[in-house]
Peer 1: 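The structure's right below; bear with me while I get my questions together.
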Amino acid sequence: MPAQIGVTGLAVMGANLARNFARNGYTVAVHNRSAGKTDALLEAHGDEGDFIRTESLEELVQNLETPRRVMLMVKAGKPVDAVIDQLVPLLEPGDIVIDGGNSHYEDTRRREAALAEKDLHFVGVGVSGGEEGALLGPSIMPGGSQESYRALGPMLEKISAKYEGEPCCTWISTDGAGHFVKMVHNGIEYADMQVIGEAYDLLRSAAGLEPAEQAKVFTEWNKTNLSSFLIEITAEVLGHVDADTGKPLVDVVVDSAGQKGTGRWTVISALELGTPTSGIAESVFARGLSSQRSQRAIGQEVLEGREEQVELPEGFVEDVRQALFASKLVSYAQGLDMLDNAAAEYGWELKLDEIASLWRAGCIIRAELLDDIMKAYAAAEKPENLLFAPAFSKAIAEAVPAWRRVVATAVRLGIPVPVFSSSLAYYDGLRRKRLPAALIQGQRDLFGAHTYQRIDREGTFHTQWSGDRTEISADDTH
Ligand code: NBP
């Protein structure tokens, strides 16, 4: 019997996705550039379902039913183009090439357009959930043509995570939309992890709570509106003791955070779209600062903090929890706003309620909050910003006093809280009647004749700064 899907690239993600398809009753043809990984997969798990072992892409393609579905799970970047180049001559119009790796959405747009010229479908699929998710049910974000989704979607939905029985997989939009949404998911994940890190630092450095005590605090927090996978694993990490030293693991790990690039991509894209995603950007920068170990070593010696003695406000731990919730909400609001802007820029129809719904299970940012976010965007009147949805305006307003106390305390104690503080600045910026941007417009007009608009008249104006400083209409001069 021919296979319903072929998977090429059998490192950890590809092998687990292939197993997931097989465990769900699909016949899966498997291939890897070097046959060792194929054999290792089949030896360890060949009895989990129907696999067809293949040694070349030709053999892989020959073993597939039509339209052929070939899933690439190779390293993102050049390897994806290399495999596509080898694969395309072997395929027929209507066949579907699926890229399940973490490809950049611009690459996906380019590849989709190139394959469409050959009447082939190219589906860029965002897959979140890590190794375990790939095996047990990830959150899946497929882009590409709707026609390709009809042939592929039911299979992806079957292997995806389920939230109360609903698959965490739905068609996102055309070409690179799936990979774009996955990228923003990862950006939000960076911010989510950073705000948890800031809370941990405050509880440790300001309130003196040791990791084991904090493990209990985070376990309790996981029963509140913060309930999420990341809070759950934070409690687990903080409670873990290093076998060698008997110290908390978090105390023996080097405090320099790694990154693979999707956070950085999110920020670059946000800058290009002009969307303020300060929470995600500050998270990426915070990881960058943590990695500047040489400068940090010098900074510890030569830079004075002049911190103040601060008596912690009563209920400080609860204050930190609320500040964490409010900052997290801002990062989600910013990420979702970015999706709205990208939809306008790239001609995608992104349904934020559906996107929030498929992040409710399987993926790294899965959280109870996402069910409420989904409901906010499913309402008849969609909020222009998540924070404007009545439930969220109310929730964040309730957290504001604690949020301000926490940021002020952190600043006085010299504890960096880049996302707590920048998220509060974003919130206040959104609320403020007049921003100092008016002054910036004046400066721009003075040094560069960039013109400005007035609050009391239509039109565009310029002050003749180097002349008699009278104002002229700039509309006449264009
Ligand atoms: P890797 O990203 O480590 O890629 C290894 C695979 O790529 C191997 O099968 C390797 O074949 C193949 N490959 C390479 Br490298 N160059 C190739 C080429 N020129 N032609 C053909 N095959 C080539 O694997 P992974 O960690 O399983 O991740 C796969 C994708 O999924 C990536 O895009 C990753 O970013 C994404 N992703 C990973 C995770 C995660 O938690 N790891 C989560 C979500 C998404 P070989 O065995 O012959 O060297």
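Remember, it's 1-based here, ligands and their atoms both numbered in the order they're listed.
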Peer 1: Among all protein heavy atoms, pick out the one at the shortest distance from atom 21 (C) of ligand 1; state its residue, atom name and that distance to 0.1 Å.
Peer 2: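 The protein heavy atom lying closest is V83 CG2, 3.5 Å.
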Peer 1: Using heavy-atom distances, let me know which of R33, K78, H31 sits nearest atom 16 (N) of ligand 1.
Peer 2: R33
Peer 1: Is it the case that the side chains of Y200 and R204 hold a donor-acceptor pair, with the cut-off being a distance below 3.5 Å and no angle test?
Peer 2: yes
Peer 1: Considering N16, V74, N186, T8 one by one, which has a heavy atom nearer to atom 12 (C) of ligand 1 than any of the others?
Peer 2: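 Nearest heavy atom to atom 12 (C) of ligand 1 lies in V74.
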Peer 1: What is the nearest protein non-hydrogen atom to atom 26 (O) of ligand 1, stated with its residue, atom name and distance?
Peer 2: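 Answer for atom 26 (O) of ligand 1: V12 CG1, 3.6 Å.
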Peer 1: Look at atom 24 (O) of ligand 1 and say which protein heavy atom is nearest, naming residue and atom and giving the distance to 0.1 Å.
Peer 2: A11 CB, 3.4 Å
Peer 1: What about K260: any of its N or O atoms under 3.5 Å from an N or O on ligand 1?
Peer 2: no
Peer 1: Any cation-pi pair here, K158 with Y26, using under 6.0 Å and within 45°?
Peer 2: yes
Peer 1: Which ligand 1 atoms does L10 reach within 4.0 Å, using its non-hydrogen atoms?
Peer 2: 9 (O)
Peer 1: Can you tell me the protein heavy atom closest to atom 48 (O) of ligand 1 and the distance?
Peer 2: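 Looking only at protein heavy atoms, the one closest to atom 48 (O) of ligand 1 is S34 OG, 2.8 Å.
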Peer 1: Specify the protein heavy atom at minimum distance from atom 47 (O) of ligand 1: its residue, its atom name, and the distance to 0.1 Å.
Peer 2: K37 NZ, 2.6 Å
Peer 1: With a cut-off of 4.0 Å, which atoms of ligand 1 are near a heavy atom of G9?
Peer 2: 9 (O)
Peer 1: Which is it for N32 and ligand 1 at heavy atoms under 4.0 Å: side chain, backbone, both or neither?
Peer 2: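 The part of N32 near ligand 1 is the side chain, not the backbone.
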Peer 1: Students should be able to answer this: which protein heavy-atom is nearest to atom 36 (C) of ligand 1, and at what distance?
Peer 2: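 Ranking protein heavy atoms by distance from atom 36 (C) of ligand 1, first comes N102 N, 3.7 Å.
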Peer 1: Do N20 and N16 have a side chain donor and acceptor closer than 3.5 Å?
Peer 2: no
Peer 1: Apply the ring pair (Phe, Tyr, Trp, His ring centres under 6.0 Å) test between W403 and each candidate in Y427, F325, F420; give the one that qualifies.
Peer 2: Y427
Peer 1: Which ligand 1 atoms, with their elements, are less than 4.0 angstrom from a heavy-atom of M73?
Peer 2: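 Ligand 1 atoms under the 4.0 Å threshold to M73: 29 (C), 31 (O).
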Peer 1: Assess, by modelled atom type and distance only, whether the side chains of R366 and S139 contain a donor and an acceptor separated by less than 3.5 Å.
Peer 2: no
Peer 1: Closest non-hydrogen protein atom to atom 41 (O) of ligand 1, residue and atom name please, with distance?
Peer 2: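 It is G130 CA, 3.5 Å.
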Peer 1: Who pairs with D50 by side-chain hydrogen bond (donor to acceptor under 3.5 Å, both in side chains), at least two apart in sequence or on another chain?
Peer 2: none
Peer 1: With side-chain hydrogen bond (donor to acceptor under 3.5 Å, both in side chains) as the test, would you mind laying out the steps for H179 and T108 before giving the verdict?
Peer 2: CA-CA 8 Å; H179 276 139; T108 305; 2.7 Å; yes
Peer 1: Closest non-hydrogen protein atom to atom 4 (O) of ligand 1, residue and atom name please, with distance?
Peer 2: K75 N, 3.4 Å
Peer 1: Which of the numbered atoms in ligand 1 are below 4.0 angstrom from a heavy atom of A76?
Peer 2: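 Counting atoms of ligand 1 from 1, those under 4.0 Å from A76 are 33 (O).
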Peer 1: Do we see a donor-acceptor contact under 3.5 Å between the side chains of E282 and Y190?
Peer 2: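 The criterion, which ignores hydrogens and geometry beyond distance, is not satisfied for Y190 and E282.
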Peer 1: Once you restrict to heavy atoms under 4.0 Å, what part of M13 touches ligand 1? Side chain, backbone, both or neither.
Peer 2: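 Under 4.0 Å from ligand 1, M13 contributes backbone and side-chain atoms.
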Peer 1: Excluding sequence neighbours, so at least two apart, what forms side-chain hydrogen bond (donor to acceptor under 3.5 Å, both in side chains) with R23?
Peer 2: E48
Peer 1: Would N341 and T275 count as having a side-chain donor-acceptor pair, cut-off 3.5 Å?
Peer 2: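 Result is yes, a qualifying pair exists.
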Peer 1: Using a strict 4.0 Å cut-off to heavy atoms of V127, name the atoms of ligand 1 that fall inside it.
Peer 2: 44 (C)
Peer 1: To the nearest 0.5 Å, how far apart are CD in E368 and CG in N225?
Peer 2: 8.5 Å
